[in-house]
Amino acid sequence: MKKIYYKIELRIGEWVLHEEDVEYGELYYFSDGYMIFTDDSFEGYLTNDVLFGDIGENHELYLELLDFDDEKQFLSFSGHFEYIELPVAYALAGLSDQKKFAAIKFVELVKDSSKQEEIDKELQRVKQIYFIP
């Protein structure tokens, strides 16, 4: 199985209702990190937060974030797209909390093998915080 590495940025916000029923998002989570794709599934990290997910058959991008600062709870997001092409940015709707949304940006493909090894080691370190094998 070939692994593909991406540098990513993730922003999470909450929809806020304002005048005339217009919704705006207030961002409260900003982080960057790395994601490793193996086939259509991925895992990665953002500082000390772990993320998992996959790209479904119907071009659905599904993402779960285990947020260390939020009592170790999962936040899940999803979005259906005409096609998924990387690198690019996507906006995802909250599944675990309908008021939340996420914006994930795939910044760049990481090709350097020493950087990939560093990413693998850091992912293992972050997973140990949550006792994930």
Side-chain angles (χ1 to χ4, degrees):
M1 285 188 278
K2 184 178 178 181
K3 292 182 177 181
I4 300 172
Y5 296 74
Y6 275 96
K7 178 172 178 47
I8 61 168
E9 296 173 353
L10 184 71
R11 309 292 180 253
I12 298 176
E14 193 165 298
W15 293 112
V16 178
L17 191 61
H18 286 281
E19 300 174 13
E20 300 175 18
D21 296 331
V22 177
E23 286 187 321
Y24 296 95
E26 286 188 8
L27 295 173
Y28 67 88
Y29 180 98
F30 304 87
S31 194
D32 60 352
Y34 294 91
M35 186 180 286
I36 305 166
F37 278 89
T38 307
D39 297 321
D40 287 336
S41 63
F42 57 82
E43 62 180 351
Y45 65 90
L46 303 146
T47 313
N48 285 331
D49 299 333
V50 178
L51 57 95
F52 302 94
D54 60 54
I55 297 176
E57 293 177 12
N58 298 323
H59 304 282
E60 177 185 20
L61 180 59
Y62 175 75
L63 168 75
E64 281 192 343
L65 174 71
L66 183 52
D67 187 352
F68 183 71
D69 294 332
D70 199 15
E71 299 177 7
K72 294 186 179 181
Q73 78 178 40
F74 275 105
L75 300 172
S76 30
F77 303 92
S78 179
H80 290 276
F81 304 96
E82 202 168 306
Y83 59 90
I84 294 179
E85 186 176 300
L86 305 176
V88 74
Y90 294 99
L92 307 173
L95 296 175
S96 52
D97 185 340
Q98 299 293 319
K99 293 180 182 178
K100 296 184 190 295
F101 65 91
I104 185 165
K105 181 178 182 181
F106 295 87
V107 178
E108 65 184 0
L109 183 63
V110 178
K111 296 180 182 179
D112 181 86
S113 59
S114 60
K115 182 64 178 176
Q116 290 175 352
E117 287 178 27
E118 183 182 312
I119 293 167
D120 285 329
K121 287 179 185 175
E122 183 64 9
L123 175 59
Q124 292 309 311
R125 183 197 69 78
V126 174
K127 286 168 75 173
Q128 288 177 358
I129 294 171
Y130 301 96
F131 305 104
I132 298 171

Close side-chain approach of [X] and [Y], heavy atoms under 4.5 Å:
{"X": "E26", "Y": "E14", "value": "no"}
{"X": "K100", "Y": "Y28", "value": "yes"}
{"X": "I132", "Y": "L66", "value": "yes"}
{"X": "L61", "Y": "F81", "value": "yes"}
{"X": "K115", "Y": "Y5", "value": "no"}

*Linking Ile, Leu, Val, Met, Phe, Trp and Tyr through side-chain heavy atoms less than 4.5 Å apart, which residues share a cluster with L95?*
Y62
In Å and rounded to the nearest 0.5 Å, what is the [atom1] to [atom2] distance from [X] to [Y]?
{"X": "I104", "Y": "F77", "atom1": "CD1", "atom2": "CZ", "result": "10.5 Å"}
{"X": "Y45", "Y": "Q124", "atom1": "OH", "atom2": "CD", "result": "11.0 Å"}
{"X": "I8", "Y": "K105", "atom1": "CD1", "atom2": "NZ", "result": "12.5 Å"}
{"X": "L65", "Y": "F52", "atom1": "CG", "atom2": "CZ", "result": "10.0 Å"}
{"X": "W15", "Y": "D97", "atom1": "CH2", "atom2": "CG", "result": "13.0 Å"}
{"X": "N48", "Y": "I129", "atom1": "CG", "atom2": "CD1", "result": "3.5 Å"}

*So F106 and Y6, would you call those rings parallel, tilted or perpendicular, with 30° and 60° as cut-offs?*
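Rings of F106 and Y6: perpendicular, over 60°.
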*In one Ile/Leu/Val/Met/Phe/Trp/Tyr side-chain cluster, 4.5 Å: V107, L92*: no
*Residues D112, S114; criterion side-chain hydrogen bond (donor to acceptor under 3.5 Å, both in side chains); working and verdict*: CA-CA 6 Å; D112 181 86; S114 60; 2.4 Å; yes
_Could you work out, with side-chain contact (heavy atoms from CB on, under 4.5 Å) as the rule, every residue matching F30, not counting sequence neighbours?_
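For F30 the side-chain contact (heavy atoms from CB on, under 4.5 Å) partners, ignoring immediate neighbours, are R11, L27.
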*So which heavy atom on G33 is nearest to which on L46, and how close?*
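Taking G33 first and L46 second, the nearest heavy atoms are N-CD2, 3.6 Å.
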*asked:* Keeping E108 on the side-chain end and P87 on the backbone end, is there a donor-acceptor pair under 3.5 Å?
replied: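 No.
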Could you list the donor-acceptor pairs under 3.5 angstrom formed by side chains in residues 35-44, with sequence neighbours left out?
unit_1 : atom_1 : unit_2 : atom_2 : d
S41    : OG     : T38    : O      : 3.2
E43    : OE1    : K127   : NZ     : 3.1

*Are any of the side-chain nitrogens in E122 or R125 under 4.0 Å away from the carboxylate oxygens of its partner?*
yes
